[in-house]
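Read the numbers this way: they start at 1 and go in the same order the structure lists the ligands and their atoms.
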Amino acid sequence: MITKQDCVARDAQDALAPLREQFDLPDGVIYLDGNSLGARPKAALARAQEVIAREWGHDLIRSWNSAGWFDMPRRLGDRLAPLIGGKAGEVVVTDTTSLNLFKALAAAVHLQAQGPNAARKVIVTERSNFPTDIYMAQGLASWLERGYSVRLVDSVDELPAAVDADCAVLMLTHVNYRTGYQHDMAAITAHAHAQGAVTVWDLAHSAGAVPVDLNGANADFAVGCTYKYLNGGPGSPAFIWVPARHQASFTQPLSGWWGHAAPFAMAPDFAPCDGIGRALCGTQPVVSLAMVECGLEVFEQAGMNAIRAKSLALTDLFIALVEQRCGAHPLGLVTPREHARRGSQVSFTHPHGYAVMAALIGRGVIGDYREPAIMRFGFTPLYTSFADVWDAVEILRDVLDCEAYDIHASRGAVT
Ligand SMILES: *Cc1c(COP(=O)(O)O)cnc(C)c1O
């Protein structure tokens with residue numbers, strides 16, 4: 001039997017525990033939704049004040065140079081790169097994940113169209129992928145009007161065979177947003193390459209959550225979010241990774257002036273710059289972009305291996321406690337028990353999942369709900385303690401034992 005004292009003792013031994021001090025979390029809240037919107041680094045408030053009052057308010061347009069606004073997508077990309085196994089000059093922080101996927105997919109399709117696999121016209125992905133990933137692929141395929149289509153695969157077991165002689169691009173989300181299932185990036189990339197396909201990886205639920213080694217896996221392109229585990233703030237710009245080996249041939253259709261070789265030459269024809277800047281399009285949301293740095297600074301104080309070890313300990317503990325204390329209730333574990341296949345979240349189904357989650361949120365345990373019937377709990381080692389896990393499960397047990405949830409509760413626009 002695991003006790004609360006065991007959890008408190010683990011917190012006392014936890015080398016990452018002091019990092020919680022760097023986040024502002026309200027009293028009375030156990031925040032298990034950092035997989036959807038990361039908590040606020042305390043430093044972000046002072047940084048926002050500086051950007052708005054001094055850089056914008058006082059220095060005005062001079063800040064594009066003097067405050068380094070123009071270089072920020074590259075500078076932040078270089079700071080983010082080590083978290084995903086990228087090198088300096090391979091990542092920019094810019095635009096949204098959806099837009100970056102469009103660019104990466106277009107580049108992947110172009111790469112294939114130039115080579116011996118030009119006849120391949122299928123983009124393979126999973127039906128369980130995050131919808132925007134599928135929608136962006138469908139949008140690109142139909143706008144190209146060159147016979148491209150999207151093939152949706154229903155299970156991981158069917159993936160290898162789906163990467164066949166028609167498959168141009170395999171686009172996968174590394175950690176599934178709903179189940180927390182983590183793909184074997186290196187093995188799948190090797191298989192795709194052996195079959196002649198190019199890979200695009202979405203790291204929305206991986207960056208800052210699990211160790212990722214894009215170069216080690218020899219992946220082709222990748223994108224991801226900064227507002228989830230990286231704590232960049234609501235709607236903060238996303239990132240795109242293009243490895244050095246693909247940069248010279250990298251081309252994408254959103255050829256805005258920020259990707260031009262000489263943006264201030266104001267030439268009428270597009271000529272791409274060298275390097276990762278080709279992935280840029282236009283002017284960035286500077287205030288929001290600046291916040292990303294505050295999140296990345298915390299990661300530089302804790303290696304991904306330590307974060308991963310604590311993440312697995314937290315998710316193992318959560319699963320064990322739910323099974324120990326809520327075993328009489330119809331909860332179904334959706335997330336893999338196998339460590340290598342697990343991201344940094346735990347999902348349970350419950351027939352009244354939405355209502356139970358609403359009740360938990362009402363009592364300060366903030367997770368979220370995803371169709372069908374899935375309660376998601378995200379675990380962020382930078383600011384979640386073992387005692388939090390204990391307390392969250394106690395509240396879950398109480399809500400379930402007392403049936404303290406309203407199955408007729410109305411739903412907000414965002415669940
Ligand atoms: C969160 C998430 C997104 C979000 O895309 P936006 O363009 O930021 O809305 C995309 N893909 C996956 C897999 C995600 O988890």
Q: Name the residues with a heavy atom less than 4.0 Å from ligand 1?
A: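 Thr96, Thr97, Ser98, Phe130, Thr132, Asp133, Thr173, Asp202, Ala204, His205, Cys225, Tyr227, Lys228.
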Q: Looking at Tyr405, Phe348, Phe377, Tyr354, which one forms a ring-ring contact (aromatic ring centres under 6.0 Å, His included) with Tyr369?
A: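 Only one of Tyr405, Phe348, Phe377, Tyr354 forms a ring-ring contact (aromatic ring centres under 6.0 Å, His included) with Tyr369, namely Tyr354.
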Q: What orientation do Phe379 and Phe318 show, parallel under 30°, tilted 30 to 60°, or perpendicular over 60°?
A: tilted
Q: Give a yes-or-no answer on whether the side chains of Ser236 and Thr226 include a donor-acceptor pair shorter than 3.5 Å.
A: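 Result is yes, a qualifying pair exists.
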Q: Taking only residues two or more places apart in sequence or in another chain, which ones pass ring pair (Phe, Tyr, Trp, His ring centres under 6.0 Å) with Tyr227?
A: none
Q: Would you tell me whether Ser66 and Asp59 have side-chain atoms, one donor and one acceptor, within less than 3.5 Å of each other?
A: no
Q: For residues Phe70 and Pro263, report the shortest heavy-atom separation together with the two atoms involved.
A: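 Looking at all heavy atoms of both residues, the shortest contact is CZ-CG, 4.1 Å.
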